[in-house]
Amino acid sequence: MSRFSGILWSLLFLAVPVLGVATFAVAPSINVWLPPDVSEHGKAIDGLFYFILALTGVVFVATEVALFWFLWKYDAAKAQGPATYIHGSHTLEVVWTIIPAATLLFLAIYQMNTWADVKMRRPAMAPSVEVVGRQFEWRLRYPGRDGTLGTPDDLFLVNDLHVPVDEDFLVQLKSMDVLHSFFLPNLRIKQDAVPGMKIPVWFKATETGQFDIVCAELCGWGHYKMKGRVTVESREDFDRWLESQYAKQEATQPEIDPSATVARTE
Amino acid sequence: MNASAISVPHDHDHHGHGDDHGHHGHVTLQYQPGLPLSKGKLIMWLFLSTEIMFFAALLGSYVVLRFGAAVWPKPHHVHLSEPIGAFNTFVLICSSVTIVLALEAARANKASLAKTWMVLTLVLGTLFLGVKAYEYQAKFSHGIYPWSPRSRVFEKPDLYYGSAVRARLGEPAMIDRLKELDDTPEDKLTADEISGRRRLQQIRQMVTSPDQQPFDLAVVADQVMPLPAEGADAHGGHGPHGLNDTFPWLKLPAVIPGGTMWASTYFLLTGFHAIHVIVGLIVFAILLLYKLGPKRAGMIENAGLYWHFVDLVWIFLFPLLYLF
Amino acid sequence: MSIASAPPTVRHEPTVQAPAPHHASFLSTYVFSKDHKVIGLQFLFSTLVWFLIGGLLALAVRWQIAWPWSDVPVLGKLFAQEGGQMAPEFYTMLFTMHATVMIFLVIIPILAGAFGNFLIPLMIGADDMAFPTLNMLSYWFMWPAFIAFGASFFVEGGAASSGWTSYPTLSTNIASSPGAGWGQTLWLLGLTFVGVSSMLGSVNYMTTIILMRAPGMTMFRLPMTIWAMFITAVLQAFALPVLTAAGFMQLADRTLGTGFFSPEGNIVNNWMQATGGGQPLLWQHLFWFYSHPAVYIMILPAMGMVSDILTTFARKPLFGYRPMVYSIAGIAGLGFIVWGHHMFMSGMNPALGITFMVSTMMIALPSAVKTFNWLGTIWGGRVQFTTAMLFSLAFVSMFIIGGLSGIFMAATPVDIFIHDTYFIVAHFHYVLFAGTAMGVFSGIYYWFPKMFGRTMNEFWGKVHFFLTFLFMNGTFFTMHILGAVGFPRRLADAYHYETFHHLQPLNAFMTWCAIGMVATQAIFAANFFWSMFFGPIAGRNPWRSNTLEWTTPSPPGHGNFDFQPVVHRGPYEYSVPGVEKDHLMQTDPPNAAAAALAAAH
Ligand code: HEA
Ligand code: HEA
Ligand code: CUA
Ligand SMILES: [Cu+2]
């Protein structure tokens, strides 16, 4: 009986790596996996994700299987004689400190470049759009015909972001009230919007289509519904859309008091 | 005495439950020597290290907020007086000396002398608090509160400022006062007051006229509380007299860039320090109930340690708040 | 001078005194007791009750995620909005209070308060804590917190709803959400009291461990549990005051109208914060300066307990005692310089992010050392599959999962995608529930005999273990792949995003598992209470373990030891060759065999 229970318990612990790996193996085929990536830098991020997945996967399987094996082999009901009387091994300690240290250091250095690309090497250009988080919507402001933000011809929109494909796109991210987070799952972009700060966010979309804008930082009761759409389209479509929106704005709001808006947003 | 003589019960698996309760004697346990410190002193040091982290967090926040701010008022803008602060620092340092003397006396079994020093420490601590209260009072009388509703400090001469000035000038009591001032014959007033009255009248016109511009409000602010030009000696004299100085009852809102955050941090830091001072004074007062002989030396020493810490915090606060 | 190497110079005659006259009332024995064991049990019972509450809150959370806007059973009647459907602001309160309860009222106090209190004096050979009255106060300071957190559900606007992280300006601006009124203020008050309680406890523990060890108990003969408790106390003492200070500042922002954490002219919901000039990110820095060390506060004691339990049931010395001690210290030390890994996306300077990334990678090292040493301990052992052992093994197995997912997030570019998704939720439930809570269960099964003099039922213990293990992985492992889709946390209803539309069935599965997991705990509760009164009587040392607490009666009387313990060796002398029984207790006198062994070494 007790021999039997030892087998059962060891197998239970073996089930951990088996089912763990199986879950990750099956997930992509049932479409519970990274959403399609349509950004330039996303490749590097996904690559890194897979790299870490492989690395930790190996460590995971190795340690969990070792755990199982020791339980199986050194079950008191089965193993003969007393336990090995040993207090440790200096060599082993050194080995299993150095190897993970080297691995982790490599990982740390390896990923820096991607991080710098996404968050530090800001393209030298004027902001393409200003995105302002507000309970519970994304307010967008395109520079309008003159290409500069903060001028009377700015185009105001809500939740409907359009982006030209294959071009650098620079968002100036702000928040009016509380923290929000500008999350574009398909573009592998996430950045908190902080009241009182202007934070630049940039990306280059590589495929056209419509995708979600998710608010990823708790911003109050309506956090769950702070949803926007991003449309990636060709330059021509983008310009045409911009023109039509501009016309629409002029038609509906013939007179915006320029000084009032400027004063409020500065 | 060898170890085997000590009866070591173990593997008493067969012992019944009730059994165990039956015959346990009370043993006064001996301990392995750890640090050469008494329990009281060790826990006091450990407690003080938590206190250090507490004040480190407050001071760190102060530094971050101050250097993250676009502007920060000079001590003089916010009516901080360095001599008063320096005096208080001196008072606190003296009290740190007297508590040490109290400890010395207690150790030397001079209980009444110890009591005298202790009383002196208590008095010095109270004096410190008194000066602090006077300083707080000075802030309040200039409308500098750590919180918004009663504060008369504004960051910018904007529309909010304008409406606050208008509201103040429109208070019924104020209208009477102003009328009285207007009616006072010139020979009853000093030259300063005469010019002040003229400027005040201009301001009232400006503020009440419907098309006031932000620019004008800056003028108003400058009249109420003139800020010395950039680069002027921050510690120097009062410069030109503001209207609030000429007519103290006026209590008009003032523009002090960065003043609100300054006030918040100032009251936060000095407030928590003052609370610690009060706790120290309570401890001293309790100690005074005892005969301060060698038996109480440990308690006095711990209270003294705490008091030195409170003193040390102030040594950091004084230059940060008053001098830089 | 080195404390560790000081020889056991004091060898004393046991001075048995006449029993003290017993005229203690019920109140002073069971309620306002200064006995560390009673205080430990008070902590244990209080935290278990809150554990149940936290678990029920988790179920309500899971309900909404699986079947949004459908009527909530039971709870729906209590907090009915319309018909029994949960309002979105109520959902934000649920997960905020779930996390608050679990972290501040369950895991931290059950580890430090319950186990720390009960075990420290017993395992080092002291008759009580250094300052029993202070110890009692540390328990009673929990009560204002219990009341504040508990009451916050019933005040106007409801409980705090800005997440357990309480980020401004959502938390400071009272117009920002319904729960940002009284609930948030009570939350801050509760936090302050929890903080005072922990601070009183931690300085007391440190003093006790430094000054009240039995003769011969050098620092490097301490059991791992005590090392872990000691270093946890150090972490508490140095990290917690920072949160307390930050809490006061947030309280001032909310009640006095200062603006430490609000920028100039912050307008929420058309309500303008009158004062400004502050920085929302300052709070995040202060908060994580505490709360990152706090996650280690929430696992180190469990690691210590698991180390002791693994050796007992592997009948083998701990593999690498000193590396284990150094790695705890390493985790604690590094723990102070990694807090920024919670803020990679916060708008903090990205260059600073790099330094935090590197330090975070490095903190995995001591954890690696610990993991490998646990495996080394089991290797070559004689494993006895008791319930306590099974939970300890689960701890090791699950901590690996939780730790490894930490590596994904430590990699800043990957964190861009997975930050604030269920990948994070998976990570911390693996370390906190699948890790620490398994350690806690293990500790309860293991020390139950010492606490109540009787052992818990092994059969039902194993059933409890098996079902918990199964349901737990069903609930939390799936969260990893949800996170890979980018499924965001803290969303009352994520399905109207096209990207996440298809995840509802998976979430329903997880909720069923969570329901099963909570239901399973009924077995535990029944076993616990039944065994307290009817379990088999345990005797002093039912597990044939080595440490000092097993030399005392079960349960130990007032003053703990009925003899003067003198320590002759480290705590892990199992299966010593040449010794007849397979373990040598720390107090066992050095006999010929042990002497021969010592000579051989
Ligand atoms: C007990 C609690 C606990 C513990 C122990 C940890 C341990 C770790 N945590 Fe975790 N963490 C939390 C509790 C905990 N965490 C919580 C509660 C949050 C979320 C808070 C919130 O936002 O609400 C969080 C969030 C969190 C984040 C922020 C994510 C985000 O919000 O975007 C990060 C980022 O770096 C992180 C990293 C790590 C790392 C690297 C470790 C490491 O210490 C892990 C080290 C262990 C191992 C790595 C496994 C064993 C090692 C080996 C088998 C050796 C070989 C390994 C390699 C070579 C890779 N954690
Ligand atoms: C120690 C911490 C801890 C623990 C144990 C748990 C336990 C659980 N948690 Fe939670 N959780 C957090 C800490 C914890 N959690 C934190 C920090 C957050 C983030 C909040 C935020 O975003 O701000 C979170 C958020 C969180 C979410 C995400 C919500 C969201 O982002 O929208 C979810 C969703 O599934 C969840 C689920 C669960 C479940 C199903 C359990 C289950 O494991 C619960 C199981 C409970 C039991 C099994 C009860 C057992 C009871 C007993 C043993 C008592 C027996 C009684 C006696 C003997 C008297 N938790
Ligand atoms: Cu905006 Cu969440
Ligand atoms: Cu962390």
Side-chain angles (χ1 to χ4, degrees), chain A residues 5-6 9 13 16 23 27 32-35 45 48-49 52 56 59-60 63-64 66-67 70-71 74-76 79 82-85 87-88 93 96-97 100-101 104 108 111-112 114-115 118-120 177-179 185 188 190-192 194-197 199 212 214 216 218-221 224 227, chain C residues 88-89 92 163 167 169-170 176-177 263 266-268 280 315-317 319-320 323 345-347 350 354 358 361 364-365 368-369 372 375 378-385 397 400 404 407-408 411-414 416-417 419-420 477 481 484-486 488 490-493 497-499 575-577:
Chain A
S5 75
W9 294 125
F13 283 97
V16 171
T23 308
V32 185
W33 200 237
L34 302 172
I45 292 184
L48 205 55
F49 180 88
I52 298 177
T56 53
V59 176
F60 169 61
T63 46
E64 300 283 359
L67 181 65
F70 295 163
L71 295 181
Y74 300 112
D75 181 357
T84 318
Y85 182 73
H87 282 94
E93 300 290 348
W96 65 42
T97 310
L104 289 165
Q111 56 160 30
M112 278 184 196
T114 311
W115 175 251
V118 189
K119 294 280 180 184
M120 292 166 84
D177 41 28
V178 300
L179 294 176
R188 305 294 189 264
K190 187 180 287 130
Q191 175 60 57
D192 285 5
V194 185
M197 287 174 83
I199 303 173
D212 281 327
V214 181
L218 179 63
C219 53
W221 68 270
Y224 73 98
K227 170 186 172 182
Chain C
E89 64 268 26
T92 59
Y167 282 177
T169 51
L170 187 62
S176 65
S177 71
N266 188 227
I267 302 171
V268 181
R315 309 310 295 168
K316 193 167 163 274
F319 202 88
M345 304 306 131
S346 69
I354 290 191
V358 175
M361 290 282 173
L365 273 186
V369 171
F372 295 138
L375 291 177
I378 303 165
W379 169 82
R382 289 297 173 265
V383 179
Q384 303 171 344
F385 292 97
S397 170
I400 293 173
L404 291 176
I407 304 297
F408 286 78
T412 42
V414 179
I416 295 174
F417 183 65
H419 171 67
D420 270 338
F477 202 83
I481 54 174
V485 191
R490 295 171 166 178
L491 251 54
D493 173 11
Y497 286 107
E498 227 155 74
T499 324
S575 305
V576 184

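None of these values were measured; they are calculated from a predicted model.
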Using heavy-atom distances under 4.5 Å, tell me whether C:Thr92 contacts chain A through its side chain, its backbone, both, or neither.
side chain
Test item: A:Leu104 and C:Ile407 side chains (from C-beta on) under 4.5 Å apart, heavy atoms:
yes
Contact origin within C:Phe477 toward chain A - heavy atom pairs under 4.5 Å
side chain
Steps toward side chain to side chain contact (heavy atoms under 4.5 Å, CB included) verdict (C:Ile416, A:Val118)
CA-CA 9 Å; C:Ile416 295 174; A:Val118 189; 3.7 Å; yes
Applying a strict 4.5 Å limit to non-hydrogen atoms, the region of A:Ile199 in contact with chain C is side chain
Would the distance check show the side chain of A:Trp221 and the main-chain N or O of C:Ser176 forming a donor-acceptor pair, the cut-off being under 3.5 Å?
no
Taking the side chain as everything from C-beta on, heavy atoms only, tell me whether A:Val59 gets closer than 4.5 Å to C:Leu404.
yes
Side-chain heavy atoms of A:Glu93 within contact of C:Phe319, under 4.5 Å:
yes
Please examine the side chains of C:Pro577 and A:Pro82, heavy atoms only from C-beta on, and report whether any two atoms are closer than 4.5 Å.
no
The test is side chain to side chain contact (heavy atoms under 4.5 Å, CB included); show your working for A:Asp75 and C:Phe385 and say whether it passes.
CA-CA 8 Å; A:Asp75 181 357; C:Phe385 292 97; 3.7 Å; yes
If you count heavy-atom pairs under 4.5 Å with chain A, which of C:Val369, C:Ile481, C:Ile378 comes out on top?
C:Ile481
Checking heavy atoms, do the side chain of A:Val214, its backbone, both or neither come under 4.5 Å from chain C?
both
Under 4.5 Å from any heavy atom of chain A, what part of C:Pro317 do you find: side chain, backbone, both or neither?
both
For residues C:Val358 and A:Met112, determine if any side-chain heavy atom of one lies less than 4.5 Å from a side-chain heavy atom of the other.
yes
Which bit of A:Phe13 is near chain C, if near means a heavy-atom gap under 4.5 Å: side chain, backbone, both or neither?
side chain
Over 60° means perpendicular and under 30° means parallel, so classify the ring planes of C:Trp379 and A:Tyr74, tilted if in between.
perpendicular
Can you find a pair of side-chain heavy atoms, one from C:His419 and one from A:Gln191, that are under 4.5 Å apart?
no
Does C:Leu170 reach the side chain of A:Leu179, with side-chain heavy atoms less than 4.5 Å apart?
no
For the ring pair A:Phe49 and C:Phe417, is the centre-to-centre distance below 6.0 Å?
no
Atom group of A:Val194 that falls short of 4.5 Å from chain C, counting heavy atoms
side chain
Test log, rule side chain to side chain contact (heavy atoms under 4.5 Å, CB included), inputs A:Thr63 and C:Phe372
CA-CA 8 Å; A:Thr63 46; C:Phe372 295 138; 3.9 Å; yes
Taking atom types as modelled, is there a side-chain donor on A:Asp192 or C:Ser346 under 3.5 Å from an acceptor on the other?
no
Decide yes or no on side chain to side chain contact (heavy atoms under 4.5 Å, CB included) for C:Glu498 and A:Lys227, but give the supporting numbers first.
CA-CA 10 Å; C:Glu498 227 155 74; A:Lys227 170 186 172 182; 5.9 Å; no
